[in-house]
Amino acid sequence: MDLGLSRVDYLQVGVTSQKTMKLLPASGRKATQKVVIGDHDGVVTCFGMKKGEAVSVFKTLPGEKIARLELGGALNTPQEKIFVAAGSEVRGFTKKGKQFLAFNTNLTENIKAMHISGSDLFLGASYVYNHYCDCKDQHYYLSGDKINDVLCLPVEKLSCITPVLACQDRVVRVLQGSDLLYEMEVPGPPTVLTLNNGNGGDSGEEVLFGTSDGKIGLVEISGVSPVEKWKIENEKKRGGILCMDSFDILGDGVKELIIGRDDGMLEIYNFEYAKSPILRYEYALSESVTSVQGGCVGKEGYDEIITSTYSGWVSGLTTEPTHRECGSGDGLKMTHEMQNKVLSLRNELEQLQIKVLHEREKYQQSSQSSTAVSAVPTFSINDKFTLNRDDASYSLVLEVQAAIDTVLLQCDVPIDLKDVDKNSAVVSVVDCESEPNGNFLLATYRCQVNTTRLELKILSIEGRYGTLQAYVTPRVQPKTCQVRQYQIKPLSLHQRTHCIDRDRKGEGYFKSDNISTISILKDVLSKEATKRKINLNISCDINEVSVNHTLKLIHPKLEYQLMLAKKVELLDALKELQAHEGNTDFLVPEYRSILEEAEELLKEHKKQPTSLERLYGMITDLFIDKFKFKGTNVKTKVPLLLEILGSYDQKALIAFFDSAA
């Protein structure tokens with residue numbers, strides 16, 4: 001797929017939330033489209049392009065933060081009415097900016113998700129779903145976990161109302177009225193839903209979903225049970241999905257799938273020669289892509305992909321060529337246009353610099369006055385703390401509307417920090433004593449200029465639970481800081497299961513292949529029950545076979561890490577031999593392959609410097625916990641266990657577990 005797209009920045013508004021930008025339908029066959037966007041200042045801005053400049057159509061007064069923006073109208077007519085959700089209120093505007101609706105839902109929670117279909121309004125607050133028809137309450141549903149997005153299958157195709165909820169507990173829930181029709185488990189917490197091809201496909205029942213851990217899938221929401229059509233894993237370990245759209249950017253009659261991620265990646269997937277989409281184009285923006293839509297905005301006849309980012313930039317990736325061939329009249333005209341635009345921007349920049357200097361002098365003079373009042377600047381932080389199943393680590397993402405100066409991390413339980421390739425910040429770890437202040441970690445990240453997004457990897461230890469705090473300081477004057485807190489749970493590397501026996505009352509029944517998991521649960525439940533003066537009866541039934549089973553599950557990972565460490569250890573000696581002999585022909589194939597893969601081996605080893613120690617720790621805990629349930633303390637035998645691990649052999653390790661008593 002040969003696709004050359006050029007970036008054009010149109011306008012910047014305030015900080016934006018997910019799905020708060022839309023393109024209005026074109027007023028004529030060849031007319032360009034207007035862009036409407038809502039921001040955290042509560043302002044709805046509508047603009048179009050005229051002679052290469054963004055021209056305002058209307059702009060509302062500031063108000064409460066806008067969480068969602070959708071287009072609506074009567075069914076089977078152009079969807080050109082603008083609806084915004086702010087707080088617990090839904091407001092409606094015409095395409096010229098006249099307000100025609102102010103509907104206060106009286107919800108106790110702020111609206112987080114919204115969908116419009118004709119006269120039907122579907123809203124999702126944190127845990128509550130509401131359906132309104134002509135602003136009258138119709139249906140209500142209380143979700144088991146937070147609602148991230150809401151959608152309704154096209155009524156004009158199905159002649160019935162079928163709402164679909166994307167919930168944080170890795171479940172897509174399908175409703176019928178106020179009742180749950182069925183639910184479907186998806187591979188990650190779904191953050192966004194959209195109709196396939198914009199209309200639900202031929203059947204109207206096809207729904208695309210994107211997850212917070214970067215996976216994409218298509219499901220068919222039938223009346224009886226869901227059918228999974230395809231699923232794409234996040235093999236490149238990119239950010240979570242925030243927005244999706246279907247648009248024929250190639251002009252070949254088949255719509256491509258456009259994806260916006262929270263790490264700034266925009267991707268275009270094509271269905272050429274395959275049932276599931278294949279990645280054909282990608283573009284890196286510097287911040288979260290909050291909204292994406294295909295259309296024509298800059299110049300008629302040239303399709304483009306319009307994006308909005310966290311800090312409020314509205315940009316386009318256009319098919320219009322930025323350079324024309326020299327010697328043609330068009331080329332000369334294009335050169336003049338570009339020169340005029342550069343001159344205009346340069347003049348605007350100079351004026352802004354003068355204004356900044358003037359305001360800075362004014363602030364300095366006023367700050368010296370005895371009656372001066374210092375105002376603390378406010379700034380928004382977009383953060384995410386999620387578990388990565390693949391490498392058993394947590395990802396902490398901090399995104400600020402201004403450039404980040406420093407981030408200080410403090411934690412009251414032991415955690416490790418892991419390198420991230422995209423992270424260019426300089427880290428300084430402070431040696432600290434855990435007693436008596438409870439500081440196990442103090443680390444400072446000093447960011448480079450213009451860094452607005454910082455991603456960190458954190459390794460926790462199951463059974464050690466507490467609070468991680470991030471102190472974020474942006475590059476603004478006067479200096480100010482915000483603190484964000486993240487809970488590290490006792491079973492921090494576990495996630496929810498959806499196979500639950502709902503007939504049980506007043507008791508919990510926990511199963512695990514790993515005895516250490518049961519041990520952690522027992523200790524934490526006992527500690528919390530004692531703290532709250534709750535009478536709790538705990539009984540354990542331990543299957544001896546599970547210990548060897550767990551050791552066999554750990555074996556492939558341990559073997560891989562030991563082999564990796566051995567290869568890295570041999571590298572220096574092999575390189576010295578290679579330099580001495582001048583070639584590698586005298587080496588056996590195994591050693592030659594180590595030298596050939598040297599760069600990849602070192603990179604992999606650098607990524608996981610403590611993986612081997614963590615696996616040793618898991619096996620040691622398993623050994624101690626096995627005999628703890630028998631009432632035997634075997635901590636004196638741990639050095640012997642570590643000695644066996646040093647010259648690892650699976651059979652010898654299992655024999656040691658079986659014989660120790």
Side-chain angles (χ1 to χ4, degrees), residues 19-38 44-49 57-58 60 66 68-85 89-103 105 111 113-124 130-139 149-164 193-208 221 243-248 253 255 258 291-297 300 303-304 306:
K19 295 176 77 171
T20 51
M21 186 272 296
K22 291 286 183 182
L23 302 187
L24 294 174
S27 55
R29 187 177 177 184
K30 291 187 177 181
T32 56
Q33 294 172 265
K34 306 291 190 299
V35 182
V36 60
I37 184 168
V44 180
T45 303
C46 180
F47 72 92
M49 298 301 295
V57 176
F58 72 84
T60 66
I66 293 173
R68 280 289 197 273
L69 185 148
E70 292 288 337
L71 299 181
L75 295 176
N76 300 314
T77 65
Q79 304 293 289
E80 54 187 16
K81 290 182 178 178
I82 303 160
F83 295 88
V84 297
E89 186 180 46
V90 176
R91 301 197 302 272
F93 300 90
T94 65
K95 62 180 180 180
K96 294 185 178 178
K98 183 180 179 182
Q99 184 170 334
F100 65 87
L101 175 68
F103 173 46
T105 62
I111 298 167
M114 177 173 70
H115 181 78
I116 307 286
S117 175
S119 57
D120 292 294
L121 171 65
F122 306 90
L123 299 178
N130 278 87
H131 170 207
Y132 302 90
C133 184
D134 291 324
C135 297
K136 293 180 181 177
D137 200 351
Q138 299 292 312
H139 299 290
D149 206 2
V150 61
L151 189 70
C152 181
L153 299 184
V155 178
E156 55 270 31
K157 282 191 175 183
L158 301 177
S159 67
C160 64
I161 293 175
T162 308
V164 184
L193 299 174
T194 190
L195 295 172
N196 188 30
N197 281 330
N199 58 7
D202 295 334
S203 65
E205 298 176 329
E206 294 181 354
V207 174
L208 289 159
I221 308 293
C243 48
M244 298 190 289
D245 189 36
S246 297
F247 183 71
D248 183 14
K255 290 184 177 181
I258 306 166
S291 303
V292 64
Q293 191 173 350
C296 178
V297 173
E300 62 183 45
D303 287 335
E304 59 189 300
I306 304 297

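Please read these numbers as outputs of a predicted model, since none were measured by experiment. Start at 1 with the first residue, then count along the sequence.
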Looking at every non-hydrogen atom in both residues, tell me the closest pair between [X] and [Y] and how far apart they are.
X: Val155; Y: Ser117; value: CG2-OG, 3.8 Å
X: Leu123; Y: Leu121; value: CD2-CD1, 3.7 Å
X: Val44; Y: Val84; value: CG2-CG1, 3.8 Å
X: Tyr132; Y: Thr105; value: OH-CB, 3.7 Å
X: Ile66; Y: Gly38; value: CD1-CA, 3.8 Å
X: Phe58; Y: Lys95; value: CE2-O, 3.6 Å

If you apply the rule side-chain contact (heavy atoms from CB on, under 4.5 Å), what do you find for Arg68 with Asp149, and how did you get there? CA-CA 10 Å; Arg68 280 289 197 273; Asp149 206 2; 3.5 Å; yes
For Lys22, is there an ion pair with Asp245 - N to carboxylate O distance below 4.0 angstrom?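 Looking at Lys22 together with Asp245, the answer is no, because their closest N to O distance does not fall below 4.0 Å.
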Any donor-acceptor pair under 3.5 Å from [X] side chain to [Y] backbone:
X: Gln33; Y: Cys296; result: yes
X: Gln293; Y: Leu23; result: yes
X: Ser119; Y: Asp134; result: no
X: Asp120; Y: Cys133; result: no
X: Lys157; Y: Gly201; result: yes
X: Glu300; Y: Ala31; result: no

Go through the structure and list residues passing salt bridge (charged side-chain N to carboxylate O under 4.0 Å, His left out) with Glu206, not counting sequence neighbours.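 Expected list: none.
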Working to the nearest 0.5 angstrom, can you tell me the gap between [X] [atom1] and [Y] [atom2]?
X: Leu101; Y: Thr94; atom1: CG; atom2: OG1; value: 12.0 Å
X: Asn76; Y: Glu156; atom1: CG; atom2: CD; value: 5.5 Å
X: Ile116; Y: Cys152; atom1: CD1; atom2: SG; value: 11.0 Å
X: Leu24; Y: Ile82; atom1: CG; atom2: CD1; value: 5.0 Å
X: Phe122; Y: Asn130; atom1: CZ; atom2: CG; value: 11.5 Å
X: Met244; Y: Ile258; atom1: CE; atom2: CD1; value: 11.5 Å

Output all residues satisfying side chain to side chain contact (heavy atoms under 4.5 Å, CB included) with Ala102, sequence neighbours left out; order by chain, then residue number.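 With sequence neighbours excluded, Ala102 shows a side chain to side chain contact (heavy atoms under 4.5 Å, CB included) to Glu89, Gln99, given in chain and number order.
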Holding to side chain to side chain contact (heavy atoms under 4.5 Å, CB included), I want the full list of residues that pass it with Thr45, two or more places apart in sequence or in another chain.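 Thr45 satisfies side chain to side chain contact (heavy atoms under 4.5 Å, CB included) with Leu11, Val13, Ile37, Val43, Lys59 once adjacent residues are dropped.
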Would you sort out whether Ile306 and Met21 count as a side-chain contact (heavy atoms from CB on, under 4.5 Å), showing the intermediate values? CA-CA 9 Å; Ile306 304 297; Met21 186 272 296; 3.7 Å; yes
Worked check of side-chain contact (heavy atoms from CB on, under 4.5 Å) between Ser246 and Leu208: CA-CA 10 Å; Ser246 297; Leu208 289 159; 4.3 Å; yes
Taking the side chain as everything from C-beta on, heavy atoms only, tell me whether His139 gets closer than 4.5 Å to Ile161.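 They are not in side-chain contact.
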